[in-house]
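Written out below as structure tokens is the structure these notes cover.
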Amino acid sequence: MAEMSLRQLEVLVAVVETGSFTEAGKRLYLAQSTISGHIRELENALGVRLFRREAKKNVRLTSSGRGVYRYAKDILARCKKLESEMEFNEDRELLIGASTVPSHALIPAWLTAFSKENPDCCCRLLAGDSTRTLQKLLDNEIQLAFVGQTIHRSSLESVAVAEDRLVLITENSERFRRLKQDGVPGSQLLSEPLILREEGSGTLKRIEEYLEELNVDVLSMRVRARMELSRAIIASVRRGMGVSIISNLLVEEDVRRGTILQFELEDRPLSRKFFMLRDRKEAPTALAEAFWNFVLTHSQEDLNLQETPQTSV
């Protein structure tokens, strides 16, 4: 490929539009000798003459020069548009990553309210399990992460923004309705066929911690399936495939409709927190900073949380 630069194309366009090397130098704040040097290098790179130098004050394009000029104008216009769009996107695009529960039960409400205050905002939400979401943050693919687990990295800033509890759900059958009426806790139903989340899920990690507290080995349980999608788990439970431990935030509507039953695991709710994280090493955009502060304010107001100090994780 010919060794040419955008600067050489810019000089060519300036010479054509001003009509002289001298005026082109004034426009670009370059010496006339520098202008001449750029044109000579461009001619050498392309192997053609660009101007008929019949008079110093009257430069005219050759036929090849006219073609190069048209391409140069187009290339410079496209570069300017690219630069403008990148600046525009950085100012208005909010890149968020979230694990299953936040992406379904928390982020939509926050984004809806935030977009009303920031109508030019364009948000991109990438959903995945907690492990993958945190990795995207570390790889600078997202600006903010919302997950149900944390990792020990001094480079990450973290704050708790929501609290949830895990519950056991079953199909709405006569047998389980009777057990619920008798006040049977969910912990006594763990011998039932079980549907679990996939590896890497913050929910699964909390479940495993809970079972460890009960001295129950997951491998000894009747795990019937592992599923990535929470809605698939809920649908499978509803159809009688098994029971599952899942976020209360995800099943509130289903329980209210009576399509499934919900059991508290213990007398004391099995709770967990969701965290908002960002990379300390990356300077936040104005939009990311605004959403960070927005969530801090609204998570405390809407979810009635006590303010949690920001910590490194």
Side-chain angles (χ1 to χ4, degrees), residues 86-118 120-166 197 199-209 247-250 270-313:
M86 291 304 99
E87 291 177 354
F88 180 69
N89 287 339
E90 182 174 332
D91 288 341
R92 72 185 292 266
E93 189 172 46
L94 182 61
L95 297 175
I96 296 175
S99 58
T100 302
V101 177
S103 65
H104 285 83
L106 299 174
I107 301 297
W110 289 335
L111 277 180
T112 299
F114 182 74
S115 63
K116 290 179 180 178
E117 297 181 8
N118 301 268
D120 290 334
C121 169
C122 178
C123 177
R124 185 180 178 193
L125 175 60
L126 303 179
D129 61 40
S130 293
T131 300
R132 282 182 287 183
T133 299
L134 287 170
Q135 189 59 53
K136 287 182 183 296
L137 181 64
L138 294 172
D139 293 340
N140 296 321
E141 295 179 22
I142 55 177
Q143 297 163 330
L144 303 174
F146 295 83
V147 294
Q149 67 183 60
T150 58
I151 57 176
H152 294 285
R153 291 289 182 96
S154 60
S155 62
L156 297 183
E157 183 177 8
S158 171
V159 59
V161 293
E163 191 165 7
D164 184 25
R165 72 183 194 279
L166 295 178
R197 285 286 306 279
E199 296 293 336
S201 160
T203 298
L204 180 61
K205 181 178 180 181
R206 185 65 185 95
I207 291 171
E208 291 174 340
E209 292 171 350
S247 163
N248 170 69
L249 291 173
L250 291 179
L270 179 63
S271 62
R272 63 166 176 165
K273 292 181 179 180
F274 290 103
F275 300 87
M276 176 172 61
L277 301 96
R278 62 182 175 183
D279 194 336
R280 296 179 189 274
K281 303 191 304 298
E282 296 296 317
T285 64
L287 199 59
E289 180 72 16
F291 190 68
W292 174 277
N293 293 324
F294 178 90
V295 172
L296 288 182
T297 300
H298 286 261
S299 64
Q300 293 162 17
E301 292 177 353
D302 299 340
L303 301 175
N304 196 27
L305 282 180
Q306 295 294 323
E307 185 173 349
T308 305
Q310 296 177 11
T311 59
S312 299
V313 296

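Treat the numbers as computed from the prediction; the structure is a model and nothing was measured. FYI, side chains are in, hydrogens and waters are out, and symmetry mates aren't considered; it's all heavy atoms of this structure.
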Check against salt bridge (Lys or Arg N to Asp or Glu O under 4.0 Å), R278 and E289: CA-CA 10 Å; R278 62 182 175 183; E289 180 72 16; 2.8 Å; yes
Evaluation steps, salt bridge (Lys or Arg N to Asp or Glu O under 4.0 Å), between E209 and R206: CA-CA 5 Å; E209 292 171 350; R206 185 65 185 95; 3.6 Å; yes
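Here the shortest heavy-atom pairing between N248 and D164 reads N-OD1, 3.6 Å. When all heavy atoms of L137 and A145 are compared, the pair lying nearest together is CD2-CB, 3.9 Å. In terms of heavy-atom proximity, G148 sits nearest to S99 at N-OG, 3.8 Å. The minimum heavy-atom distance between L94 and A288, with the atom names listed, is CD1-CA, 3.7 Å. A pairwise comparison of heavy atoms in D279 and K281 identifies OD1-N, 2.9 Å as the closest pair. For the pair E141 and L95, the tightest heavy-atom approach, listed with the atom from each and the gap, is O-CD1, 3.9 Å.
Using modelled atom types, one side-chain atom of D129 and one backbone atom of T131 make a donor-acceptor pair closer than 3.5 Å. A donor-acceptor pair under 3.5 Å is absent between the side-chain atoms of E157 and the main chain of R280, judged by distance alone.
The SG atom of C121 lies 7.0 Å from the CG atom of L111; values are rounded to the nearest 0.5 Å. Taken to the nearest 0.5 Å, the CZ atom of F114 stands 9.0 Å off from the SG atom of C123. Rounding to the nearest 0.5 Å gives a distance of 5.0 Å between CD1 of I107 and CZ of F291. Here the OG-CG distance, from S158 to L134, works out to 9.0 Å after rounding to the nearest 0.5 Å.
Contact check for W292 versus V159: side-chain heavy atoms found under the 4.5 Å cut-off. The shortest distance between side-chain heavy atoms of T100 and R197 falls below 4.5 Å. A heavy-atom distance below 4.5 Å is found between the side chains of S247 and R272. Side-chain contact between E93 and T285 is absent, with no heavy atoms from C-beta onward closer than 4.5 Å. The side-chain heavy atoms of F294 and E117, taken from C-beta on, include a pair separated by under 4.5 Å.
In this view, E282 satisfies the salt bridge (charged side-chain N to carboxylate O under 4.0 Å, His left out) rule with no residue, not counting sequence neighbours.
By the 30° and 60° cut-offs, the orientation of the rings of W110 relative to F146 is tilted.
Evaluated for a side-chain contact (heavy atoms from CB on, under 4.5 Å) with I142, the options T133, I96, L125 yield exactly one hit, T133.
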